[in-house]
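This structure is a prediction, so every number in the text was calculated from the model and none was measured.
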Amino acid sequence: MSFEEALLAALGDESGRRLLDRGRPVPVADLARTDVTLTAGQAAHAVLLGGSLTVDELGLTPLQHLRWLLGRRADAPGGAGSGDASADVAAAARILGIAIEVTTPGRRTRRYGSGSGDLVRLLFDGSWSTATATATVP
């Protein structure tokens with residue numbers, strides 16, 4: 001499971017919807033780095049609206065939305081998508097405004113972010129999974 005998939009699973013549907021604002025504008029130029037393909041109608045609509053459509057207008061899935069959010073900061077120092085798991089988790093916690101707790105082999109636990117609300121718990125042993133006791137974010 002990818003980091004983004006594990007994070008969405010740990011957040012759950014309700015918390016994920018609250019954190020992923022469907023009305024947020026997305027510059028269509030940013031979509032070149034994703035698996036999203038615009039229809040001719042969406043492309044024309046984006047041109048008329050100055051180059052952006054909302055997440056809802058694009059019909060992005062929660063996974064596509066999260067990947068766009070994290071990927072658009074990939075070029076920034078410490079941004080998501082760096083290939084470094086710690087940097088990716090720290091960037092996700094900062095971008096989403098949540099706290100993420102990661103447990104690694106040997107039961108070492110590290111907390112990222114200082115977001116309010118309950119922790120989002122993940123396990124990492126070379127691949128990502130949700131912890132048995134996940135928490136939602138208000």
Side-chain angles (χ1 to χ4, degrees):
M1 174 180 302
S2 72
F3 168 65
E4 294 92 346
E5 291 166 329
L7 182 55
L8 281 175
L11 286 170
D13 290 339
E14 189 174 322
S15 292
R17 277 194 297 274
R18 280 196 303 263
L19 290 173
L20 299 174
D21 177 10
R22 305 281 303 162
R24 181 181 215 145
V26 177
V28 294
D30 286 1
L31 298 176
R33 295 182 294 196
T34 69
D35 61 349
V36 176
T37 304
L38 296 178
T39 66
Q42 288 172 319
H45 192 185
V47 168
L48 293 173
L49 294 176
S52 294
L53 293 174
T54 66
V55 171
D56 201 38
E57 290 168 330
L58 288 165
L60 298 182
T61 66
L63 183 59
Q64 289 171 323
H65 186 176
L66 182 59
R67 285 184 173 151
W68 169 74
L69 276 174
L70 301 181
R72 71 190 181 110
R73 306 263 174 107
D75 298 331
S82 67
D84 174 2
S86 290
D88 290 349
V89 176
R94 185 178 61 254
I95 290 165
L96 296 174
I98 59 174
I100 301 172
E101 184 178 88
V102 177
T103 302
T104 58
R107 308 310 285 171
R108 288 188 208 123
T109 300
R110 181 158 179 207
R111 184 179 173 148
Y112 300 85
S114 58
S116 60
D118 296 329
L119 289 174
V120 175
R121 293 181 173 92
L122 299 174
L123 301 174
F124 182 71
D125 62 359
S127 64
W128 292 96
S129 61
T130 58
T132 54
T134 59
T136 58
V137 178

So which heavy atom on Leu122 is nearest to which on Ala10, and how close? CD2-CB, 3.7 Å
Ile100/Arg111 under side-chain contact (heavy atoms from CB on, under 4.5 Å): CA gap, chis, key distance, verdict: CA-CA 6 Å; Ile100 301 172; Arg111 184 179 173 148; over 6 Å; no
Just wondering, do Leu69 and Leu96 contact through their side chains at under 4.5 Å, heavy atoms? yes
How many angstroms lie between CZ in Arg18 and CG in Asp13, if you round to the nearest 0.5 Å? 11.0 Å
Taken to the nearest 0.5 Å, the spacing of Leu11 CG from Leu20 CG works out to 7.5 Å
Would you say the side chain of Thr130 lies within less than 4.5 Å of the side chain of Leu123, judging by non-hydrogen atoms? no
With the side chain counted from C-beta on, respond yes when Arg67 and Phe3 share a heavy-atom pair under 4.5 Å apart, and no when they do not. no
Contact between Val26 and Val36 at the side-chain level, heavy atoms closer than 4.5 Å - yes or no? no
With heavy-atom distances below 4.5 Å as the criterion, would you say the side chains of Leu19 and Leu8 are in contact? no
Write down the atom of Asp21, the atom of His65, and the distance for their closest heavy-atom approach. O-CE1, 3.3 Å
Would you list the pairs meeting side chain to side chain donor-acceptor pair (under 3.5 Å) in which at least one residue belongs to residues 49-60, sequence neighbours left out? Thr54-Glu57
Going by the rule side chain to side chain donor-acceptor pair (under 3.5 Å), which residues pair with Ser86 if we only count those two or more places apart in sequence or in a different chain? Tyr112
Mind checking whether Leu58 and Leu38 have side chains closer than 4.5 Å, heavy atoms only? yes
Same apolar cluster: Leu63 and Met1, side chain cutoff 4.5 Å: no
May I have all residue pairs that pass side chain to side chain donor-acceptor pair (under 3.5 Å) and include part of residues 98-108, sequence neighbours excluded? Glu101-Arg121, Thr103-Thr109
Looking at side-chain heavy atoms only, is the closest gap between Val120 and Leu7 below 4.5 Å? yes
Set of residues satisfying ring pair (Phe, Tyr, Trp, His ring centres under 6.0 Å) with respect to Phe124, sequence neighbours excluded: Trp128
What closest approach, in Å, do Leu60 and Arg22 show between heavy atoms, and which atom pair accounts for it? O-NH1, 2.7 Å
